[in-house]
Amino acid sequence: MSTPRRMLKGLSVSTPFGCESERLPMTGERCDMGKKPWSGRFSQDTDAMVERFTSSIDVDKALYAYDIEGSIAHLTMLAHVGIITQDEAAALRTGLGRVKAKIAGDDFEFSDALEDIHMHVESALGDEAGDVARKLHTGRSRNDQVALDIRMYLKAEIKGIIARLFALQRVLVKMADQYKRVVMPGYTHLQRAQPVLFAHHLMAYYEMFKRDQERMADCLKRTDVMPLGAAALAGTTFPLEREYTRQLLGFAKVSDNSMDSVSDRDFAMEFISAASIAMIHLSRFSEELVLWSSSEFAFITISDAFTTGSSIMPQKKNPDVAELVRGKTARVVGNLMAIITLMKSLPLAYNRDMQEDKEPLFDTVNTVKACLDVYTRMLPNIKVNKETMLAASEKGFLNATDLADYLVLKGVPFRQAHSISGKAVAFALEHSKELHHLTVQEFKTFSEVIEPDIFEYLSIEHMISRRGTHGGTGYDNVLKAIDRATRDLDEQTAGTEG
Ligand code: ARG
């Protein structure tokens, strides 16, 4: 393990714009170990407890690769505009490459004395590249640096999350196709309402995850803005070419207001908000899987590989994955509360409070990725108990609306038809029968217009087939929805690959 031995002290550049960078003087000062790059105006060492308290290195070290990539773009731009020489840029680049390799290889010691990843990288660069390292931070502040790092990080992570949402959507569409003729009871108020295709139920989640993916893509646009060059808050006296840095880093645009650039965390709030909605969808799905896998429903069986047992009750097989995803939703929603509360009442521009943005952000990214991954893997491992679903659809008067609709077709106004069907339900309940078990004579006591063709109307096949309005559970509609979704996913996958 190598420890950063030497610290960099305040860079002193007293030459005007456009000067030959070789002529930029070095102060020649060296910091002692334990001194900070900002220690110039301090005469006392930082209190050890304060050092520990203010340090964020345990968390933000995860940003090291982005921090280094951002620094390389910055120094390349500095050389491009002549603030440093190409030789200096090359030396800094090589040094940063070595620092990156050390961190990646776990051959790096982090210390609270160096606060955050930005100071660690800069300090280690001093070890690798010598005095020239002191030029790297020209025209830059940690305020715009950290904003850059988290935007770079989040851009990559949002793309990963969008890819995972696609994978989950594909699994759903595949399952919907596999079970396209399976019927289940549809519920409102968790009471059996009308029969629906299981595929239709699955495709409802497809729609939710599609909106999640759209929200993520939209949030990506506002994350894809390059803040570097804002410096501390007001911009810098150096002739930085921000557009050049933007191109090097592959951002869509440069931020337009330096104060906003260093104080904006909208993209993080927006991301965690979109992530919370996605988690709510997963949580609702989880709740259904938990219910459906219970003996009370017995609609599905989750494979052994995705369930766990009880340490005391030998018969137990618990849907823990679904339960944990439901539980982890609380973390993400908690993270949303944390970040929006963090930003509330912060005056412009940067405030140290904002260092607290990373934990909720990183935790959200990691939680959402893990939940999407485990779901995508678990869903194909669910066995659907078609007969139980069908049997449940045939009990509980799920065809009462269809009886009313039948009466309407025979000329009875809907409100009256509704009341007749209600009376027939009450009669059937009293005789412990379902509507389709009544005789035509019994039906006729409620309405003369009912004929033997009623039984076809009350059959599951007929009920599903007739729900032909766009978006309904009719067989043809659901097939069309599956086709549409398959085409959408193919197109979007082609789009992301292109
Ligand atoms: N560690 C800080 C953060 O994450 C970096 C910016 C610190 N800037 C400052 N002026 N202290 O927010």
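Atoms within a ligand are numbered from 1 in the order they appear, just like the ligands themselves.
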What are the distances between nitrogen or oxygen atoms of ligand 1 and protein nitrogen or oxygen atoms, counting only those under 3.5 Å?
| residue | atom | partner | partner atom | Å |
| --- | --- | --- | --- | --- |
| ligand 1 | 1 (N) | Asp116 | OD2 | 2.9 |
| ligand 1 | 1 (N) | Gln355 | OE1 | 2.9 |
| ligand 1 | 4 (O) | Lys358 | NZ | 2.6 |
| ligand 1 | 8 (N) | Asn143 | OD1 | 2.9 |
| ligand 1 | 10 (N) | Asn143 | OD1 | 3.2 |
| ligand 1 | 12 (O) | Tyr350 | OH | 2.3 |

Chi angles and distances behind the side-chain hydrogen bond (donor to acceptor under 3.5 Å, both in side chains) call for Arg140, Ser71: CA-CA 10 Å; Arg140 187 175 71 167; Ser71 286; 2.8 Å; yes
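- Side chain of Asp116 to backbone of His118: a donor-acceptor contact under 3.5 angstrom is found.
- Remark: Asp363 engages Arg331 in a salt bridge, criterion side-chain N to carboxylate O under 4.0 Å.
- No salt bridge links Asp177 with Lys174; every basic N to acidic carboxylate O contact stays at or beyond 4.0 Å.
- Within 6.0 Å of the CD atom in Gln355, the count of heavy atoms belonging to other residues, nucleotides or ligands exceeds 12.
- Looking at Glu69 and Lys155, no side-chain N of the basic residue comes within less than 4.0 Å of a carboxylate O on the acidic one, giving no salt bridge.
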